[in-house]
Amino acid sequence: MTVQVFDSDLALAEALATEVIDAVARRPDTVLGLPTGRTPLALYEAIIRRTRRGSVDWSRVRTFNLDEFVGLPPGHPGSYRAFMEARFFRPLGIEPAQVGFLDGGARDLEAECRRYEAAIVEAGGIDILVLGIGVNGHIGFNEPGASLQARTHRVALEERTRAANALWFDGDIARVPTAALSMGMATILAARTIVLVATGEEKAAAVRGMLEGPLTTWLPASFLQLHATAAVMLDREAAAGLSAASAPALS
Ligand code: PGA
């Protein structure tokens, strides 16, 4: 894995926005894998700002999001779909036909997971997958445990994960769904390029485990060590736990 450390989360967001926009300029039909959460907000704002200034053509891009809550009605403001519509798809003019998304309201959730896997394959696979990391080391909603799932599946969310998501539900953890659908570990690792982004000191322990610890199902992000072209982008705070050997100089 390559590791880059940036002076601030905004510097990181600008650098990654450049990478994503350059990739779309080179290949307008790029397939992007995208996260929700606090971490990508600065990235999405930087991409939208650059698009308004320049001439990025988003009309042929395809997107697949990592995960979605189970059981929210369509258009619920706490859903990840609503998050993406407001903060990325609508501002960039990305049409619903370009968007792959898990439907957490589907009646048959297993069939929905199979449909999603097939849609990713049909699109030719994910070219660039941007990932956040949970404080518990999850990626997507692949929570730590004795085993991990390979493919898109239903997950029970950890209390810590629900607490971290309460901000999308007016701070009320009781309203955060207890289950979600998520790409599996093999779905994630099949992406041609993976960029994991972590900012803030609360991620420092998970980042250290991911980069310096053993491969373990108890820290799902550690499996990125097996990916041939995974890149990790950190701000200073998220990199603070790294030993001198694995902490690179500031980018
Ligand atoms: P965050 O979530 O960006 O809100 O910290 C990251 C994650 O849980 O994957």
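Everything numeric in this text was worked out from a predicted model, so none of it was measured. Order of listing sets the numbers, starting from 1, for every ligand and every atom in it. Residue numbers start at 1 and run along the sequence shown.
- The environment of CD in E202 is crowded: more than 12 heavy-atom neighbours from other residues, nucleotides or ligands sit within 6.0 Å.
- With 3.5 Å as the limit, one finds no donor-acceptor pair spanning the side chains of R115 and T152.
- For atom 3 (O) of ligand 1, the closest non-hydrogen atom of the protein is T39 OG1, 2.5 Å.
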Given side-chain contact (heavy atoms from CB on, under 4.5 Å), test V24 with R60 step by step and report yes or no.
-> CA-CA 9 Å; V24 171; R60 292 173 57 202; over 6 Å; no
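- Residue contact annotation: E202 has no non-hydrogen atom under 4.0 Å from ligand 1.
- A salt bridge links D7 to R236: at least one charged side-chain nitrogen sits closer than 4.0 Å to a carboxylate oxygen.
- Looking at atom 7 (C) of ligand 1, its nearest protein heavy atom turns out to be H138 NE2, 3.4 Å.
- Of the protein's non-hydrogen atoms, the one nearest atom 4 (O) of ligand 1 is R38 N, 2.8 Å.
- In I133, the part holding a heavy atom less than 4.0 Å from any atom of ligand 1 is the backbone.
- For atom 5 (O) of ligand 1, the closest heavy atom belonging to the protein is K203 NZ, 2.6 Å.
- The 12-atom threshold is exceeded at CD of Q225, counting heavy atoms of other residues, nucleotides or ligands nearer than 6.0 Å.
- T187 and E117 are linked by a side-chain donor-acceptor pair at a separation below 3.5 angstrom, with hydrogens and angles left out of the test.
- When each atom of ligand 1 is checked for a heavy atom of G37 under 4.0 Å away, the hits are 3 (O), 4 (O).
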